[in-house]
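First listed ligand is number 1; within each ligand, the first listed atom is number 1.
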Amino acid sequence: MSNGNEPSLGCLPVHQSRVDSAPAADESPGNALKTKEWEIGMLQDEVAATQGIRIRRRPPSGPPLHYVGPFEFRLQNEGNTPRNILEEIVWNKDTEVAQMKEKQPLATLKKYLDNAPPTRDFIGALKSAYERTGVPGLIAEVKKASPSRGVIREDFDPVEIAKAYEKGGAACLSVLTDEKYFQGSFKNLEAIRSAGVKCPLLCKEFIIEAWQIYYARVKGADAILLIAAVLPDLDLRYMTKICKMLGLAALVEVHDECEMDRVLGIEGIELVGINNRNLETFEVDIANTKNLLEGERGRIIHEKGILVVGESGLFTPADIAYVQDAGVKAVLVGESIVKQSDPAKGISGLFGKDISL
Ligand SMILES: O=C(O)c1ccccc1NCC(=O)[C@H](O)[C@H](O)COP(=O)(O)O
């Protein structure tokens, strides 16, 4: 198991190096800059690869150029096209965040912090829901669409859905803010917050830069998501500290043993989500939650007092009972409840009882 300072033994680099696709040797200043950018990107990816991270960051200057005589050309599938949906989302987010930062640099964003609504206790809400109901505290997801399912709910009114979830006994809500792949938005997050919904809100975003954490806080989030498949240990450490400073909870998401071991080697993580969905292949298996909580890992989680959230693919009371038996005290559910005409009833159906009482 990783101590957080060294690469985990179980996490073998399965990463294709960018060396193969570096810009052609050329002494011009423009090409020298490109070469530098490629070297930095390569280093970033290679550090990540030693931690078992397969998701690469977007090549800084786009596809590399090749030269044959006077001709310049680019090749497809040469480390310059995303290899799976998660990588594609991350590369797109990179471009999106760069544009957003240009409009609102961090210094500007920090000025809005004083006027941001106070944060609510996300982890506390999950714990008290568990104690009150005897079943895992529910993080109900406001989810219109997803890459794996397409549009899940056509008549999508985020505030109405959020209010129905609250009425149905959700402890917290998860609001997708990615526009391109999930048809979510920060407007939805702000609208739910300002409509007086009391459940603490998770900003469900693909965070790759600290700037996004400040942005989420300004827009009314109480918690943010950090995905271990995307973020190296150093980022996880740094970003969880920023969250603490801003009064936000950080839900650190893992999908496999390697990611779980990395996260358990990092001090100060209080909330871990086990995603039953493989974000690279879309495969869903709720046994993943059970597998990652067995043996030594379960013992460490218990010892550290980490609250575990079972995420994705939960549809029935039997599914809830299965992940609860495995050791989770909270669940994150989207599809099965959002697609019900009355999402509050969808919650009772999911738990096999009314959890609002
Ligand atoms: O849901 C997807 O298709 C997806 C694809 C790529 C990256 C993330 C994705 N989903 C995020 C989630 O993990 C879920 O929205 C969340 O856990 C709820 O899952 P579900 O209850 O199965 O809707």
Side-chain angles (χ1 to χ4, degrees), residues 53-55 82-94 96 122 126 136-153 156 158 161-162 165 168 170-185 188-189 201-208 223-231 250-256 259 271-289 292 308-320 322-324 328 330-340 343 346-347 349-351:
I53 297 175
R54 291 180 295 276
I55 302 302
R83 285 189 298 222
N84 55 57
I85 185 68
L86 184 56
E87 200 164 84
E88 185 186 318
I89 294 173
V90 165
W91 288 19
N92 184 70
K93 197 55 68 183
D94 201 301
E96 211 178 84
F122 192 89
L126 291 174
L138 172 65
I139 308 171
E141 189 152 276
V142 180
K143 183 178 191 181
K144 175 168 184 178
S146 76
S148 61
R149 292 281 195 255
V151 174
I152 300 168
R153 188 174 177 121
F156 184 78
I161 292 168
Y165 280 160
C172 298
L173 307 185
S174 160
V175 184
L176 280 152
T177 50
D178 177 84
E179 294 190 14
K180 182 166 176 175
Y181 299 92
F182 293 86
Q183 298 188 35
S185 72
N188 291 353
L189 181 71
L201 306 179
L202 169 72
C203 170
K204 194 86 182 301
E205 184 47 87
F206 294 83
I207 290 190
I208 50 172
I224 53 114
L225 177 75
L226 299 174
I227 304 178
V230 169
L231 299 167
L251 172 60
V252 184
E253 181 177 297
V254 303
H255 174 69
D256 61 25
E259 289 165 13
L271 188 63
V272 171
I274 300 179
N275 204 335
N276 297 314
R277 176 175 289 113
N278 179 329
L279 303 186
E280 295 172 44
T281 64
F282 295 157
E283 200 181 304
V284 179
D285 180 3
I286 67 167
N288 197 43
T289 295
L292 295 197
V308 180
V309 184
E311 301 178 5
S312 303
L314 303 169
F315 286 85
T316 64
D319 293 342
I320 298 292
Y322 177 83
V323 290
Q324 180 169 9
V328 311
V331 288
L332 195 162
V333 183
E335 184 183 341
S336 68
I337 49 176
V338 82
K339 69 183 184 193
Q340 307 301 327
I347 293 176
L350 174 68
F351 284 87

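Among all non-hydrogen protein atoms, the one lying nearest atom 21 (O) of ligand 1 is Gly334 N, 2.8 Å. Scanning the protein for heavy atoms near atom 4 (C) of ligand 1, the closest one is Phe182 CZ, 3.7 Å. Shortest contact from atom 5 (C) of ligand 1 to any protein heavy atom: Phe282 CE2, 3.6 Å. Here the heavy atom of the protein found nearest to atom 12 (C) of ligand 1 is Lys204 NZ, 3.3 Å. Nearest protein heavy-atom contact of atom 17 (O) of ligand 1 is Ser312 OG, 2.7 Å. Closest protein heavy atom to atom 8 (C) of ligand 1: Leu279 CD2, 3.4 Å. Among all protein heavy atoms, the one lying closest to atom 2 (C) of ligand 1 is Ser148 OG, 3.5 Å. Of the protein's heavy atoms, Glu141 OE2, 3.5 Å lies nearest to atom 18 (C) of ligand 1.
The shortest side-chain heavy-atom distance between Leu86 and Phe206 falls under the 4.5 Å cut-off. Between Phe315 and Glu335, the closest side-chain pair of non-hydrogen atoms falls below 4.5 Å. Glu253 places a side-chain heavy atom less than 4.5 Å from the side chain of Leu225.
Atoms of ligand 1 found under 4.0 Å from any heavy atom of Glu335 (numbered from 1 in listed order, with element): 20 (P), 21 (O), 23 (O). When each atom of ligand 1 is checked for a heavy atom of Ser146 under 4.0 Å away, the hits are 1 (O), 2 (C), 3 (O). Set against the non-hydrogen atoms of Leu332, the atoms of ligand 1 under 4.0 Å away are 16 (C), 17 (O), 18 (C). Listed by number with element, the atoms of ligand 1 under 4.0 angstrom from any heavy atom of Val333 are 21 (O). Atom numbering of ligand 1 starts at 1 in the shown order; those under 4.0 Å from a heavy atom of Lys143 are 1 (O), 14 (C), 15 (O), 18 (C), 19 (O), 20 (P), 23 (O).
Of the residues listed (Val331, Leu332, Val333), the one engaging Ile139 in a side-chain contact (heavy atoms from CB on, under 4.5 Å) is Leu332, and it is the only one.
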Query raised in the report: Run the side chain to side chain contact (heavy atoms under 4.5 Å, CB included) check on Thr281 and Asn84 step by step: do they pass?
Result: CA-CA 7 Å; Thr281 64; Asn84 55 57; over 6 Å; no
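Checking side-chain atoms of Ser336 against main-chain N and O of Leu314 turns up a donor-acceptor pair under 3.5 Å. Although no hydrogens or angles enter the test, the distance criterion places a donor-acceptor pair under 3.5 Å between the side chain of Asp319 and the main chain of Thr316. Side chain of Asn288 to backbone of Arg277: no donor-acceptor contact under 3.5 angstrom is found.
For the residue pair Thr289 and Gly310, the shortest heavy atom distance occurs at OG1-CA, 4.2 Å. Closest approach of Asn275 to Ser312, counting heavy atoms only: OD1-OG, 2.6 Å. Summarising the geometry of Gly168 relative to Ile347, their closest heavy-atom pair is O-CG2, 3.4 Å, with the distance given to 0.1 Å.
Note on ligand 1: Asn275 sits in its first shell, one or more heavy atoms being nearer than 4.0 Å.
Considering backbone and side-chain atoms alike, Glu253 places every N or O at 3.5 Å or more from each N or O of ligand 1. Taking any N or O of Leu86, backbone or side chain, none lies under 3.5 Å from an N or O belonging to ligand 1. Close N/O approach between Arg149 and ligand 1 is not found [any backbone or side-chain N/O within under 3.5 Å]. Of the N or O atoms in Ser336, none lie within a sub-3.5 Å distance of an N or O in ligand 1.
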